[in-house]
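Data first, discussion second: the structure below is written as structure tokens.
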Amino acid sequence: MNTQNTTSEIASKALATLAAALEAGNSAALTAYLSVAARFHKYSWTNCLLIAMQRPNATRVAGFRAWLGLGRHVRKGEKGIAILAPIITKRSRDTKEDRHDTSDSTTESVGYLVGFRSAYVFDIAQTDGEDLAEFATVKGEPRQYLDRLKAFVASKDIALDYDASIAPAKGVSRGGRITLLLNQPAAEEFSVLAHELAHERLHQSDRRTETTKTIRETEAEAVAFVVSHAIGLDTNTAAADYIKLYNGDRATLSASL
């Protein structure tokens, strides 16, 4: 058997599948995930610090009514996490630029920040109810291939460690070192390691400055998809969904091949 041809065939079929998925549009899983993600506010550095001080293990926080809108409710007796919420007041503003113009002027309502007040949010661990939509994940059993991939990483003089503090990231490529999130399922760990290894091999040289974030993430995830697919893992929509989060598409993938 010609191993080279077999490898090329596996890669070609996997990439064709990935390209078709990218062209098909958002999956139901990605649409649901984005809908939920859009309902979580992005907090200022100050509020992130306040949340970390009061509940260091918080992962997803939202207000009482926001949780209700997501089909979850805050359990009775739970203590809220105090943050600072802006106080906005609306005032009318004359929109005429020339103050000497005697023609009729128009006004518009403009919001002005006048201060802050205390508000309370709750972590998802303080709530019960419907499960939130999750990002698609890789499933299956990588068997001996996970250890073989780790050995390959080591053979390239790339250090591998684990750190819970990188969450919500699942993996990070640091140039000569890969850090993975602790306690990931084996299939997910394999896929993430393949993704970060692709960054190490492709994007830690001069080429990094010649590419965009979209290109780099598309390439790394395409590598992870092909390798995961080759050992029989169920990649479902995870790879295409990830690439689309970085605005990648079939054209981006084709240009990198």
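- If you chain together hydrophobic residues whose side chains sit under 4.5 Å apart, Val153 and Tyr145 fall into the same group.
- Side-chain atoms of Phe122 and Arg72, non-hydrogen and from C-beta on, never get closer than 4.5 Å to each other.
- To the nearest 0.5 Å, atoms NZ (Lys13) and NE2 (His229) are separated by 8.5 Å.
- At distances below 3.5 Å, at least one donor-acceptor pair connects side-chain atoms of Gln54 with backbone N or O atoms of Ala82.
- For the pair Thr17 and Phe225, the minimum side-chain heavy-atom distance is below 4.5 Å.
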(request) Give the intermediate values and the outcome of side-chain contact (heavy atoms from CB on, under 4.5 Å) for residues Phe190 and Val138. (result) CA-CA 9 Å; Phe190 180 91; Val138 178; over 6 Å; no
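- Between the side chain of Gln126 and the backbone N or O of Asp123, at least one donor-acceptor pair lies under 3.5 Å.
- By the rule that hydrophobic residues join a cluster once side-chain heavy atoms approach within less than 4.5 Å of another member, Tyr120 and Ile83 end up as members of separate clusters.
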(request) Walk me through it: do Leu245 and Leu30 pass the test side-chain contact (heavy atoms from CB on, under 4.5 Å)? (result) CA-CA 9 Å; Leu245 280 182; Leu30 179 58; 4.1 Å; yes
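- Scanning both residues, Ala220 and Ala198, for their nearest heavy atoms gives CA-CB, 3.8 Å.
- The CG atom of Leu257 sits 9.0 Å away from atom CD of Glu219, with the distance rounded to the nearest 0.5 Å.
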(request) Would you check, one step at a time, whether the test side-chain contact (heavy atoms from CB on, under 4.5 Å) holds for Ile243 with Leu18? (result) CA-CA 10 Å; Ile243 290 172; Leu18 179 57; 4.1 Å; yes
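- Within the 4.5 Å cutoff, no side-chain heavy atoms of Val227 are placed close to those of Leu149.
- Looking at Ser173 and Glu200, their side chains do bring a donor and an acceptor atom within 3.5 Å of each other.
- Neither side chain, Asn247 nor Thr214, offers a donor N or O lying under 3.5 Å from an acceptor on the other.
- When atom types are taken as modelled, the side chain of Ser12 and the backbone of Glu9 share no donor-acceptor pair closer than 3.5 angstrom.
- For the residue pair Glu217 / His195, a side-chain donor-acceptor distance below 3.5 Å is found, with atom types taken as modelled.
- Between the OG1 atom of Thr252 and the NZ atom of Lys244 there is a distance of 11.5 Å, given to the nearest 0.5 Å.
- Taken together through direct or relayed side-chain contacts under 4.5 Å among Ile, Leu, Val, Met, Phe, Trp and Tyr, Leu68 and Ile124 form part of one hydrophobic cluster.
- Closest approach of Thr237 and Ala29 over heavy atoms only: OG1-CB, 4.3 Å.
- Within a 6.0 Å sphere centred on CZ of Arg201, other residues, nucleotides and ligands contribute 12 heavy atoms or fewer.
- No single ILVMFWY cluster, assembled from side-chain heavy atoms under 4.5 Å apart, contains both Ile81 and Trp67.
- No more than 12 heavy atoms of other residues, nucleotides or ligands lie within 6.0 Å of CG in Asp131, so this atom counts as exposed by the packing criterion.
- Of all non-hydrogen atoms in Ala230 and Ile10, the two that sit nearest each other are CB-CG2, 3.8 Å.
- When every heavy atom of Ala187 is checked against every heavy atom of Gly140, the shortest pair comes out as CB-O, 3.4 Å.
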(request) Let me see the working for Ile215 and Thr218 under side-chain contact (heavy atoms from CB on, under 4.5 Å), right down to the final yes or no. (result) CA-CA 5 Å; Ile215 291 173; Thr218 297; 5.7 Å; no
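- Note that the OH atom of Tyr43 and the CG atom of Leu49 stand 15.0 Å from one another [nearest 0.5 Å].
- Around the CZ atom of Arg148, the shell of radius 6.0 Å holds no more than 12 heavy atoms that belong to other residues, nucleotides or ligands.
- Rounded to the nearest 0.5 Å, atoms CG (Leu233) and OG1 (Thr137) are 11.0 Å apart.
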Give every donor-acceptor pair under 3.5 Å between a side-chain atom in residues 175-184 and any protein atom, sequence neighbours left out.
residue	atom	partner	partner atom	Å
Arg177	NE	Asp161	OD2	2.8
Arg177	NH2	Asp161	OD2	3.1
Thr179	OG1	Asp161	OD1	2.7
Thr179	OG1	Arg174	NE	3.0
Gln184	NE2	Lys170	O	3.1
Gln184	NE2	Leu181	O	3.2

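- By the 4.5 Å heavy-atom criterion applied to side chains, Arg60 and Leu132 are counted as neighbours.
- Put simply, Leu50 and Val121 are part of two different groups of oily side chains (I, L, V, M, F, W, Y) that touch within less than 4.5 Å, one to the next.
- Atoms CG and CZ, on Leu202 and Arg216 in that order, are 11.5 Å from each other to the nearest 0.5 Å.
- Of all non-hydrogen atoms in Ala238 and Ala136, the two that sit nearest each other are CB-O, 3.6 Å.
- Heavy atoms only, all atoms of each residue included: Leu146 and Ala186 are closest at CD2-O, 4.3 Å.
- Side-chain atoms of Arg75 come within 3.5 Å of backbone N or O of Ala125 as a donor-acceptor pair.
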